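Quick caveat, the model's predicted, so the values are computed rather than measured.
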Amino acid sequence: MPTAAALRLQIERSLEARFPAALTPAPRTIRETAPTGIAVVDELLEGGFPVGAISEIAGPACSGRTSLALAFLAGRTAEERFCAWVDAEDAFDPESAAAIGVRLSQLLWVRCGGAKKSAKSWTRLEQSLKATDLLLQAGGFAAIVLDLSGIDPAEGMRIPLATWFRFRQAAERTRCPLVALARASYAQSSAAVVLDAEPMRAEVLGGTVLHAGAFRLRRRRQRFQQPWNGARKPPASTWTAGTQWTVERSA
Amino acid sequence: MNGELYLAIHAAEFPAQALLRLRPELRSQPVAVLDGPALQQTVCALNRKARSCGAAHGMTRLEAEAVAGLQLIPRSLAEEAQARAILLECAAQFSPRIEETSRGTACSFVLDGTGSERLFGPVDAMAEKVRRAAANAGFRISVAASANFHAARLKAAFSPGMTILPRGEESRALEKLQLSALNLGAEQAETFSMWGIRTLGQLAALPEDSLVARFGPEASLWRALAAGAAAHSFQPIEPVVALREFCEFDSPIEEIDSLLFIAARMIDALVARVAQRALAVASLAIEMNLEGNQRHHLSLRPAVPTIDRKFLLKLLHLEAAAHPPQAAVLSLAIEADAGPTSKVQLGLFAPQTPEPSSLDVTLARLRAIVGDDRVGAPELEDTHRPQSFQLRALHTADSKGTTAKQEVRIALRRVRPLRTVHMALNGARPAAFHDEGKRYSVASAYGPWRSSGCWWSQDAWDSEEWDVLTTDVSGATLGCLLVRDRLHNAWRLEAYFD
């Protein structure tokens, strides 16, 4: 009596002219992801930000982009990895980062917009793009956040697509997730994930203390999306972040 | 060769050798070194090509300039001292007991190699190693080995190349050397000349008693020197190891690239010397003498000690580009600080970290783009004052920090520099404000949260913070942190919630 494997081989051979490897499932590439540290966002992203790819978080001010990126870095630095924050607006707050759990000794902060007394004078945007390029090419960083939140979308749209394509290639080669924070999505097809962030909805405690903020994220694009497996994935999620004082009080 | 063994090394025309060591492009050209006051300069040293072109010691500057193709370089005593230290360091690789026997413009040392055959092999192999080590350091030397100190010294000084004097045959090996090798006084030299004594062999053949009767007791020493049998009490010197290279330029250098061309050779030499000691370069201090009696200092400190010369040169390039000298450079000195070679235990499951040397170059490039003080790892200061932090250098060895508790919190985005806003108040509470031409109505304000400190100093602060939710004219909601400076009664927009 033929075995199941022999039968399968026999069926596949008879059908191979019309359907190659009819009974063998297609090999599936498992994409590595890095968790963001926020469960609902990880669920939305099917594991977290993709490693070796560009992820964009686009939204207006007070939409939780910075909090989400810092939560992501907190997880990466806790694994004894090094990360970088390229700050085009010079708006990074080390106190907030430390409060969220980022190990500051493992975070390289590049503050763009410094007064540079040289023949070459670059704008904040140019500085941040050059710095990101250098860091991606150098390799070894477990995550790089490119903070373009303060850049006007009209200016951001003028970033050449070749730049994003180069970032994508470098990120893929060095296995580094690049997270871009901006008011709008700029990377277009080079981005593996694009999240739209909506403004904060404040939660107040007793009418006197700002207690928490609720942020809503919508997944606009995900290149490496898993095939539909029957369960409907939520296209959007809402996550809540407490303020420093309320978290301390609850602890 | 059993018993005592001395190796003499002799670098002739040392002023020229010291200058050509860091200028290899001139080695294939005729070069003469000028010494003396400005208007009375004479040739004090020259290379072989210059001699074949007709140049000679003692020529005046005018005479030397008449020699076609002859390159004239002023003597640099500082570079000679540096070169002497390096030659001494080369010799110290083979023996801890070294005596200096330099005379005139030559630089000579005698090494006590007694008992070192087991380390360096037979005498001829050892002499060849000494010669090769000196050649690698940029010196052309003659080497002589003998059981007699003075025989080795005289043979090295007056016979170019490498000579091994067999034990007991020193007299025969020295017999053809000119009498001038003994450095006799003019009167004695004239007497010997009248007698027809011109070589050491002829002097050694004279009866000792008769010589002493005519010249005094010192004649006994001359005869012993000529016969290669003079006794010597060895007086070792202590080599001072200074990992320093110095180069004085013939003309002021303005271009950084030209400067780096010279610096590359100096770094090469330093790295080679450091590597000989199984160490690595931990830091480099660069000092430039500029026109107008100014000095310019640069400092390089790689994350881990290294002997990668290209990496060090790249760091120097970036540092010099970021901090260029403000005038033409007259001389360049590079001093290295040695450290243990870095040992990194890699692990299959260890997280990926930036490679230290690559990170150094990346950081230097980043500093060139955004400024010196704007790249690094933030470190919070031990104070309650808001925004108190400093940036320090990122070190990949710092990956074993304490794990902070991770919380999902609202982060702040700081406004730098702080913006003063015009605030409309409702009682003591903020009601609306103008910022960058926009009007924001305060929907909710939570506060005030007061903090103050350093009241005893000029850095005193006293402020009250308000967490404010605002809406602008388009209806968009914005959460921000407003601060009233109680010392100056001014409202500032400090941060946004994001």
Side-chain angles (χ1 to χ4, degrees), chain A residues 37-38 60-67 70-71 74-75 78-82 90-101 103-112 114-116 122 127 130-131 134-135 138-142 149 199-200 202 204 208-210 213 239 241-244 247, chain B residues 321-322 350-355 358-359 361-363 365-366 368-380 386-389 391-392 394-396 398-416 444 446 449 467 469 476-480 495-498:
Chain A
I38 301 170
C62 297
S63 56
R65 299 161 299 178
T66 312
S67 306
L70 286 175
E79 295 167 356
E80 298 182 358
R81 297 169 190 267
F82 286 81
D90 193 14
F92 179 77
D93 182 32
E95 290 172 12
S96 293
I100 288 172
R103 282 190 194 172
L104 295 182
S105 62
Q106 290 161 234
L107 180 72
L108 179 69
W109 178 19
V110 183
R111 307 174 66 183
C112 302
K116 186 77 178 62
W122 290 308
Q127 286 183 354
K130 281 175 190 296
L134 280 173
L135 291 168
F141 287 93
S149 304
M200 175 177 79
V204 180
T208 55
V209 177
L210 187 62
W239 59 285
T243 49
Q244 193 172 338
V247 172
Chain B
Q352 182 190 17
T353 55
E355 205 265 314
S358 163
L359 180 65
V361 173
T362 305
L363 292 179
R365 285 182 168 152
L366 287 173
I369 293 172
V370 297
D372 277 341
D373 53 345
R374 301 183 70 84
V375 180
E379 188 177 58
L380 296 178
Q387 295 205 60
S388 292
F389 65 87
L391 278 182
R392 63 174 189 80
L394 183 76
H395 294 298
T396 49
D398 291 350
S399 62
K400 304 279 182 192
T402 52
T403 304
K405 192 180 175 187
Q406 292 172 43
E407 301 280 0
V408 182
R409 300 182 182 186
I410 302 178
L412 291 177
R413 292 183 65 81
R414 292 285 174 184
V415 177
R416 296 190 182 99
S444 316
Y446 309 98
W449 318 113
D467 305 318
L469 296 175
T477 306
L478 196 69
C480 55
Y496 295 102
F497 295 111
D498 189 34

Colleague: Tell me the closest heavy-atom pair linking B:Leu380 and A:Glu95, and the distance in Å.
Modeller: CD2-CG, 3.8 Å

Colleague: Heavy-atom distances under 4.5 Å only: say whether A:Leu70 touches chain B with side chain, backbone, both or neither.
Modeller: side chain

Colleague: Which is it for B:Leu359 and A:Phe141 under the side chain to side chain contact (heavy atoms under 4.5 Å, CB included) test, yes or no, and what are the steps along the way?
Modeller: CA-CA 10 Å; B:Leu359 180 65; A:Phe141 287 93; 3.8 Å; yes

Colleague: If every non-hydrogen atom of A:Ser149 is compared with every non-hydrogen atom of B:Arg413, which pair is closest and at what distance?
Modeller: CB-NH2, 3.4 Å

Colleague: Specify the closest pair of heavy atoms between B:Asp498 and A:Pro60, including all atoms of both residues, with the distance to one decimal.
Modeller: OD1-O, 4.4 Å

Colleague: Let me confirm one number: the OG-CD1 distance from A:Ser67 to B:Ile410, rounded to the nearest 0.5 Å.
Modeller: 6.5 Å

Colleague: What closest approach, in Å, do A:Phe92 and B:Arg416 show between heavy atoms, and which atom pair accounts for it?
Modeller: O-NH2, 2.7 Å

Colleague: So do the side chains of B:Phe497 and A:Leu210 get within less than 4.5 Å of each other, counting heavy atoms only?
Modeller: yes

Colleague: Just how far is it from atom CG of B:Leu363 to atom CG of A:Leu134, taken to the nearest 0.5 Å?
Modeller: 10.0 Å

Colleague: Could you tell me the separation between the CG atom of B:Leu366 and the CZ atom of A:Arg111, rounded to the nearest 0.5 Å?
Modeller: 14.5 Å

Colleague: Please give me the minimum heavy-atom distance between B:Arg409 and A:Ala241, naming the atom from each residue.
Modeller: C-CB, 3.6 Å

Colleague: Between A:Ala138 and chain B, which part of the residue has a heavy atom less than 4.5 Å away: side chain, backbone, both or neither?
Modeller: both

Colleague: At a heavy-atom separation under 4.5 Å, does B:Val375 approach chain A through its side chain, its backbone, both, or neither?
Modeller: both

Colleague: By a 4.5 Å heavy-atom criterion (distance strictly below it), what part of A:Glu79 contacts chain B: side chain, backbone, both, or neither?
Modeller: backbone

Colleague: Is any side-chain heavy atom of B:Thr353 less than 4.5 Å from a side-chain heavy atom of A:Gln106?
Modeller: no

Colleague: Say you draw a straight line from OH of B:Tyr496 to CG of A:Asp93; how long is it, rounded to the nearest 0.5 Å?
Modeller: 14.5 Å

Colleague: For B:Leu412 and A:Ser96, which heavy atoms make the closest approach, and how far apart are they?
Modeller: N-OG, 3.1 Å

Colleague: Of the listed residues (A:Gly213, A:Gly75, A:Gly64), which shares the most heavy-atom pairs with chain B below a 4.5 Å separation?
Modeller: A:Gly64

Colleague: Hey, are the side chains of B:His395 and A:Ser105 touching, using non-hydrogen atoms and a 4.5 Å cut-off?
Modeller: no

